[in-house]
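As the structure lists them, so they are numbered: ligands from 1, and atoms in each ligand from 1. Note that these values count all heavy atoms, side chains included, but never hydrogens, waters or copies made by symmetry. Residue numbers start at 1 and run along the sequence shown.
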Amino acid sequence: MSKVVLITGASSGIGKAIAIYLLSKGFTVYGTSRSEANAAKFPFNLVALDVTKPATITSAVEKVIAKEGRLDVLINNAGKGITGAIEDTPTEEMKTNFDTNFFGPIEVMKAVLPQMRKQKSGLILNVTSIAGYMGLPFRGIYSASKGALELITEATNMEVNQFGINVVNVAPGDFATNIASGRYHTPVFENSAYKEKYAENLALMDSHVSGGMDPIVMAKKVLQIINTKNPKVHYKVGGFMEKFSIVLKRILPDKWYQKLLMNHYKL
Ligand SMILES: NC(=O)c1ccc[n+]([C@@H]2O[C@H](COP(=O)([O-])OP(=O)(O)OC[C@H]3O[C@@H](n4cnc5c(N)ncnc54)[C@H](OP(=O)(O)O)[C@@H]3O)[C@@H](O)[C@H]2O)c1
């Protein structure tokens, strides 16, 4: 019997690559998008879901369970970028980002857990970010939303292990997707105290994404995790330096570590 997988944000980038790859490996795949308008162009089942609208989450999960009778894997992938100096970023935009990157995935977990508990099995993969392991300048809100999701994953995993369910994080480094175009960019305000540094960093961030890895690398890692009997809580998928930066944060004094990051971001 093929496993039933639900992937949020499967219309583009990492989610789409995972959906197509798992489909090719014989999984029953349901991907989501906020709009069903282009459903026919995807080779997998596409259902409407907006992680900021709980009614759409319930309806999508109910549809999958009604059709398949089970739900084995949730890939909580939908997410958005946000950039800007903390002082300049509109508070409403910070909250909107947390609604998508933090509260959204939690709502989706809440929607699938009753079925997984009933089945006494299930796997939830929360797509976080290597940026969630450290506060990155001009990406503080993004780092915070992904870091917060990492911690919620740890907590939930311990709560649901008793029901045969695993909750894990998969943290990507830079991948070439549409994330930069879908990001909220705080404008480079003329009178901002951060104007030059922020403008330089915006260009640097975009070049990192466009020069990033192929999302198929994430798809292969996800398959490997699905096939692991006792998965770890944390997975990181990225270049050597991206992953090593997490190790450095653990071992270096804070001041040294921040100096390294500040040199990298020309601060
Ligand atoms: N690319 C990177 O370098 C990178 C690095 C670290 C982490 N990540 C994380 O990886 C995940 C996938 O990002 P990506 O790079 O593949 O970006 P992407 O190409 O922009 O894809 C984002 C996906 O999320 C969906 N989405 C956006 N807002 C949504 C909402 N409110 N409700 C439901 N779906 C929503 C979009 O679908 P619709 O517009 O069709 O609804 C789209 O399918 C995100 O969580 C991102 O933070 C990416």
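The option from A171, A78, S129 that lies nearest to atom 35 (C) of ligand 1, judged by heavy atoms, is A78. Considering R34, R183, K16, M205 only, the shortest heavy-atom separation from atom 28 (N) of ligand 1 involves R34. Nearest to atom 48 (C) of ligand 1 by heavy-atom distance, out of I18, V127, T32, I179, is I179.
At a 4.0 Å heavy-atom cut-off, ligand 1 does not touch A176 at all. Contacts between T128 and ligand 1, counted as non-hydrogen atom pairs separated by less than 4.0 Å, involve the backbone only.
Taking all atoms of both residues into account, the shortest heavy-atom contact from P43 to L23 is O-CD2, 3.5 Å. Pairing each heavy atom of G13 with each of P215, the nearest pair is O-CB, 4.0 Å. For the residue pair K243 and K236, the shortest heavy atom distance occurs at CD-O, 3.7 Å.
Checking side-chain atoms of S143 against main-chain N and O of M134 turns up a donor-acceptor pair under 3.5 Å. In this structure a side-chain-to-backbone donor-acceptor pair under 3.5 Å is present from T186 to T83. Within the 3.5 Å criterion, the main-chain N or O of Y194 finds a donor-acceptor partner in the side chain of S192. At least one donor-acceptor pair under 3.5 Å links the side chain of Q119 to the backbone N or O of L71. When atom types are taken as modelled, the side chain of N157 and the backbone of V233 share no donor-acceptor pair closer than 3.5 angstrom.
Short contacts between ligand 1 and D174, defined as distances under 4.0 Å to a heavy atom of the residue, involve ligand atoms 3 (O). Close contacts of ligand 1 with I14, meaning ligand atoms under 4.0 Å from a residue heavy atom, involve 10 (O), 16 (O), 48 (C). With ligand atoms numbered from 1 in the order given, ligand 1 contributes 43 (O) to contacts under 4.0 Å with heavy atoms of A10. Near S11, meaning under 4.0 Å from any of its heavy atoms, are these atoms of ligand 1: 36 (C), 37 (O), 38 (P), 40 (O), 42 (C), 43 (O). Interface atoms of ligand 1 facing G13, defined by a heavy-atom separation under 4.0 Å, are 16 (O), 19 (O).
Using a non-hydrogen distance threshold of 4.0 Å, G212 does not register as a contact of ligand 1. Not a single heavy atom of T8 sits under 4.0 Å from any atom of ligand 1.
Closest protein heavy atom to atom 31 (N) of ligand 1: D50 OD1, 3.0 Å. For atom 25 (C) of ligand 1, the nearest non-hydrogen atom of the protein is G9 CA, 3.6 Å. Regarding atom 22 (C) of ligand 1, its nearest protein heavy-atom neighbour is G79 O, 3.9 Å. Nearest protein heavy-atom contact of atom 15 (O) of ligand 1 is T177 OG1, 2.5 Å. With hydrogens left out, the protein atom closest to atom 4 (C) of ligand 1 is G173 O, 3.8 Å, a heavy atom. Given atom 44 (C) of ligand 1, the protein heavy atom at minimum distance is N77 O, 3.2 Å.
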Listed pairs under 3.5 Å, donor-acceptor, residues 250-267 side chains, sequence neighbours left out:
{"residue": "Y257", "atom": "OH", "partner": "S245", "partner atom": "O", "Å": "3.0"}

Considering only distance and modelled atom types, tabulate donor-acceptor pairs under 3.5 Å from the side chains of residues 53-68, sequence neighbours left out.
{"residue": "T56", "atom": "OG1", "partner": "D50", "partner atom": "N", "Å": "2.9"}
{"residue": "T56", "atom": "OG1", "partner": "D50", "partner atom": "O", "Å": "3.0"}
{"residue": "T56", "atom": "OG1", "partner": "K53", "partner atom": "O", "Å": "2.7"}
{"residue": "T58", "atom": "OG1", "partner": "P54", "partner atom": "O", "Å": "3.0"}
{"residue": "E68", "atom": "OE2", "partner": "Y30", "partner atom": "OH", "Å": "2.5"}

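Between V209 and ligand 1, no N or O atom pair is found at a separation short of 3.5 Å. Polar contact with ligand 1: absent for S35 (N/O pair, distance under 3.5 Å). Inclusion of S33 in the set of residues having an N or O under 3.5 Å from an N or O of ligand 1 is warranted. Between K146 and ligand 1, a contact under 3.5 Å exists for at least one N or O pair. Below 3.5 Å of separation, one finds an N or O of F175 facing an N or O of ligand 1. Considering backbone and side-chain atoms alike, Y142 places an N or O below 3.5 Å from some N or O of ligand 1. The distance criterion of under 3.5 Å between nitrogen or oxygen atoms is met by V51 with respect to ligand 1. Considering both main-chain and side-chain atoms, S12 comes within under 3.5 Å of ligand 1 through a nitrogen or oxygen pair.
Between K220 and D214 there is no salt bridge, since none of the side-chain N atoms of the basic residue sits less than 4.0 Å from a carboxylate O of the acidic one.
At least one cation-pi condition fails for K195 and Y198: the charged atom is not both under 6.0 angstrom from the six-membered ring centre and inside a 45 degree cone around its axis.
At a threshold of 4.5 Å between non-hydrogen side-chain atoms, the residues P172 and K146 do not count as touching.
Using bins of under 30°, 30° to 60° and over 60° for the plane-to-plane angle, the ring pair F42/F44 lands in the tilted bin.
Residues T100 and T52 have side chains that never bring a donor and an acceptor to within less than 3.5 angstrom of each other.
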